[in-house]
K.L.:
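Below you will find the structure I want to go over with you.
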Amino acid sequence: MQKLIIKGKKDLSGKISISGSKNATLPILAASILANNVKIKNVPLVKDILTMIELLNFIGLKTKLSKKKNIIEISNLDKNINTLAPYKLVKTMRAGVLVLGSLLAKYGKAKVSLPGGCAIGTRPVDLHLFALKKLGAKIKIKNGYIIAEAKNGLKGAKIKFPSISVGATENALIAAFKAKGKTILKNCAIEPEIKDLISFLKKLGAKINFNGRTIIIKESKVKNSKIIHKVIFDRIELGTYMIAGALLAKKKLFIDKIDPKLVKSEIDVLKKIGVKLIIKKTSIIVKKGGGLKRINIITKPYPHFPTDLQAQLMVLLTQAKGESKIKENIFENRFMHVPELKRMGARIEIKNKTAFIKGPTKLTGAEVMATDLRASVSLVLAGLIAENKTIINRIYHLDRGYEFLERKLKNCKAEIKRI
Ligand code: UD1
């Protein structure tokens with residue numbers, strides 16, 4: 001099994017270009033089932049994306065991935081279609097459940113494996129099914145599979161989500177594309193990745209409007225012409241490298257291919273902590289700082305501070321003066337990095353959903369275990385600031401979501417290698 005070895009305390013300098021967003025690409029790939037012919041640019045080459053492509057191939061779509069150009073071309077010739085998403089492909093990547101909406105919309109039926117639990121919490125799909133049922137799908141669960149049917153097509157409906165879910169909003173949006181009449185979705189997630197999905201669906205021919213957390217979709221027809229779409233940048237990757245810069249920039253770390261307007265809450269939080277940032281139109285410069293201050297944070301749906309950056313922020317707060325608090329409000333079990341960070345010397349206590357972090361604390365290298373995607377990258381950040389050597393086990397989690405992580409960090413003078 002591969003491991004990462006990091007020799008800490010090396011200052012970072014240079015440039016990091018941010019990749020395309022994994023979480024925007026996944027629903028767009030799922031929605032491509034609706035289309036005839038699409039070309040998607042800025043696709044990050046990470047494991048979750050490769051798994052989704054494998055799923056599309058399994059369903060019967062033709063895909064051509066250019067790894068050099070980060071471009072995928074997908075065509076659906078409507079031949080030999082399998083309306084099935086098997087367990088082996090959905091178990092490693094929950095987003096596989098997003099093909100449910102597009103298979104139902106296009107073929108009136110789908111059999112999709114229940115994704116099951118995952119390390120950060122139970123992560124049910126009840127909200128996905130709630131929305132699809134409101135659109136007229138008949139759904140039953142059998143042998144670990146969601147079996148859904150809409151023989152006469154889906155019908156537009158008014159749907160108010162009882163709580164905000166990114167995946168359920170995406171599934172409902174895709175499913176509603178061809179639903180008869182009009183669909184009104186209320187209390188939707190409004191993450192930039194959802195706006196990117198909306199812009200893709202509009203290119204595909206969807207009549208969609210949104211206002212705040214309400215999205216209105218009118219029955220639409222798929223355009224025959226080839227659709228070209230460039231995926232937005234990965235805001236979580238940007239946040240991760242901004243934190244790396246805040247911890248270790250020699251003089252400055254230059255991060256580009258981004259849009260700072262989409263990371264306002266992250267910029268705001270980092271500035272409050274005392275991180276020096278210069279914000280440009282498509283780039284951010286993180287300057288060498290010092291004197292980091294404590295802060296209290298609660299993770300919440302966009303536009304608030306993201307749960308996907310919670311673990312990384314915690315590492316930064318081990319270096320801030322005083323006691324900081326982070327309340328994890330989205331997932332019930334997302335503090336698994338804490339015992340590992342404590343093994344490196346961090347002073348963190350957890351009470352209920354809140355982590356109390358005392359700083360500043362010197363971290364020391366240790367052998368640690370990655371447990372999920374974002375927890376893993378927080379251990380990389382900790383290793384970069386720790387004295388001596390840190391060995392991170394189970395790094396396949398990292399490969400699910402960070403494109404060229406070692407290469408990007410090495411280019412900025414970090415000492416990191418994979419064995
Ligand atoms: C997406 C992101 C993930 C991010 C999360 C929250 C992708 C591929 N993944 O995950 O990186 O951490 O948003 O920003 O985009 N819930 C239910 N029932 C459901 C669905 C969700 O109770 O049917 C709960 C979840 O357990 C969780 C909360 O709702 O507590 C939010 O989850 P959701 O927004 O759905 O996350 P994902 O779409 O799975």
Side-chain angles (χ1 to χ4, degrees), residues 20-31 43-44 46-49 51-52 55 90-101 112 114-134 139 141 146 148 159 161-175 185 187-197 213 231-232 234-237 239-240 262-263 265-266 298-313 327-337 353 372-378 397-398 400-402:
S21 160
K22 163 181 88 71
N23 287 354
T25 308
L26 287 168
I28 288 173
L29 288 177
V43 171
V46 295
K47 187 75 187 26
D48 276 9
I49 299 297
T51 309
M52 184 60 110
L55 178 55
V90 182
K91 72 169 184 203
T92 57
M93 183 213 40
R94 265 182 65 81
V97 80
L98 293 174
V99 301
L100 188 56
V112 175
L114 276 167
C118 81
I120 60 175
T122 50
R123 299 185 84 175
V125 288
D126 56 317
L127 297 170
H128 298 238
L129 305 188
F130 158 82
L132 296 173
K133 279 182 190 163
K134 290 251 176 201
I139 295 182
I141 308 288
I146 305 160
I159 303 169
F161 290 104
S163 62
I164 296 172
S165 157
V166 172
T169 302
E170 291 165 346
N171 233 336
L173 250 174
I174 299 170
L185 303 174
N187 202 26
C188 292
I190 49 165
E191 268 64 4
E193 294 74 29
I194 293 196
K195 304 240 170 93
D196 204 29
L197 172 64
R213 294 201 177 274
V231 173
I232 55 165
D234 194 313
R235 65 194 164 96
I236 305 301
E237 193 195 13
T240 303
L262 301 187
V263 286
S265 76
E266 292 88 327
I298 304 179
T299 62
K300 285 187 190 163
Y302 193 84
H304 301 287
F305 193 83
T307 172
D308 282 353
L309 213 52
Q310 178 257 105
Q312 301 90 312
L313 185 79
K327 183 172 178 192
E328 173 53 57
N329 215 22
I330 307 283
F331 293 109
E332 69 270 26
N333 191 20
R334 211 175 198 181
F335 283 139
M336 280 173 316
H337 42 289
K353 290 172 161 188
D372 72 68
L373 174 57
R374 309 302 171 185
S376 314
V377 87
S378 80
H397 291 291
L398 269 177
R400 286 189 41 220
Y402 283 87

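We number each residue from 1, following the sequence as shown. As the structure lists them, so they are numbered: ligands from 1, and atoms in each ligand from 1.
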K.L.:
Please list, in number order, the atoms of ligand 1 under 4.0 Å from a heavy atom of Val166.
P.N.:
1 (C), 13 (O), 33 (P), 34 (O), 35 (O), 38 (O)

K.L.:
Within the distance-only criterion (no hydrogens, no angle test), does the side chain of Glu332 pair as donor or acceptor with the backbone N or O of Glu328 below 3.5 angstrom?
P.N.:
no

K.L.:
Are any of the side-chain nitrogens in Asp126 or Lys133 under 4.0 Å away from the carboxylate oxygens of its partner?
P.N.:
no

K.L.:
Would you call Leu55 and Leu29 a side-chain contact if the rule is heavy atoms closer than 4.5 Å?
P.N.:
no

K.L.:
Give a yes-or-no answer on whether the side chains of Thr299 and Gln310 include a donor-acceptor pair shorter than 3.5 Å.
P.N.:
no

K.L.:
Where do Ile236 and Gln312 land on the side chain to side chain contact (heavy atoms under 4.5 Å, CB included) test, with the steps shown first?
P.N.:
CA-CA 10 Å; Ile236 305 301; Gln312 301 90 312; 4.0 Å; yes

K.L.:
Only counting residues at least two apart or in another chain, list the ones meeting side chain to side chain donor-acceptor pair (under 3.5 Å) with Asn171.
P.N.:
His128

K.L.:
Taking the minimum heavy-atom distance to atom 11 (O) of ligand 1, which of Ile164, Asp372, Asp308 ranks first?
P.N.:
Asp308

K.L.:
Which atoms of ligand 1 sit under 4.0 Å from any heavy atom of Leu127?
P.N.:
17 (C), 18 (N), 19 (C), 20 (C), 23 (O)

K.L.:
Given that the side chain starts at C-beta and the backbone is N, CA, C, O, which of these parts of Ile236 lies under 4.0 Å from ligand 1, counting heavy atoms, or is it both or neither?
P.N.:
neither

K.L.:
Can you list the ligand 1 atoms lying under 4.0 Å from a non-hydrogen atom of Asn23?
P.N.:
2 (C), 3 (C), 7 (C), 8 (C), 9 (N), 11 (O), 15 (O)

K.L.:
Backbone or side chain, does any N or O of Ile330 fall under 3.5 Å from an N or O of ligand 1?
P.N.:
yes

K.L.:
Which atoms of ligand 1 have any heavy atom of Gly167 under 4.0 Å away?
P.N.:
35 (O), 38 (O)

K.L.:
If you measure from each heavy atom of Ala189 to ligand 1, is any distance below 4.0 Å?
P.N.:
no

K.L.:
Taking side chain to side chain donor-acceptor pair (under 3.5 Å) as the test, write out the residues that go with Ser165, two or more places apart.
P.N.:
none

K.L.:
Which of the atoms in ligand 1, numbered in the order shown and given with their element, are less than 4.0 Å from a heavy-atom of Pro124?
P.N.:
17 (C), 18 (N), 19 (C), 20 (C), 21 (C), 22 (O), 23 (O), 26 (O)

K.L.:
Under the side-chain hydrogen bond (donor to acceptor under 3.5 Å, both in side chains) test against Tyr402, which residue among Lys22, Lys47, Glu237, Arg374 passes?
P.N.:
Arg374

K.L.:
With a heavy-atom distance limit of 4.0 Å, tell me whether Asp126 approaches ligand 1 through its side chain, its backbone, both, or neither.
P.N.:
both

K.L.:
Search all heavy atoms of Ala189 against all heavy atoms of Thr169 and return the closest pair with its distance.
P.N.:
N-OG1, 3.1 Å

K.L.:
Between Glu193 and Arg235 (salt bridge meaning N to carboxylate O under 4.0 Å), is one present in this structure?
P.N.:
yes

K.L.:
Examine distances only and state if a side-chain atom of Glu191 and a backbone atom of Ile194 form a donor-acceptor pair shorter than 3.5 Å.
P.N.:
no

K.L.:
Does ligand 1 have an atom that lies less than 4.0 angstrom from a heavy atom of Glu193?
P.N.:
no

K.L.:
Would you mind running through ligand 1 and noting each atom that sits below 4.0 Å from a heavy atom of His128?
P.N.:
23 (O)

K.L.:
Below 4.0 Å, non-hydrogen atoms only: which portion of Arg334 touches ligand 1? Side chain, backbone, both or neither.
P.N.:
side chain

K.L.:
Is Glu170 touching ligand 1 with its side chain, its backbone, both, or neither, if touching means heavy atoms under 4.0 Å apart?
P.N.:
neither

K.L.:
Output the distance between atom CE (Met52) and atom OG1 (Thr25), rounded to the nearest 0.5 Å.
P.N.:
10.0 Å

K.L.:
Looking only at distances, can you tell me whether any N or O atom of Ala95, backbone or side chain, sits closer than 3.5 Å to an N or O atom of ligand 1?
P.N.:
no

K.L.:
Show the atoms of ligand 1 that are less than 4.0 angstrom away from any heavy atom in Thr307.
P.N.:
6 (C), 12 (O), 14 (O)

K.L.:
What part of Ala168, side chain from CB on, backbone N/CA/C/O, both or neither, has a heavy atom under 4.0 Å from ligand 1?
P.N.:
neither

K.L.:
Any heavy atom of Met93 sitting closer than 4.0 Å to ligand 1?
P.N.:
no

K.L.:
Give yes or no for whether the N/O distance cutoff of 3.5 Å, strictly under, is met between Glu191 and ligand 1.
P.N.:
no

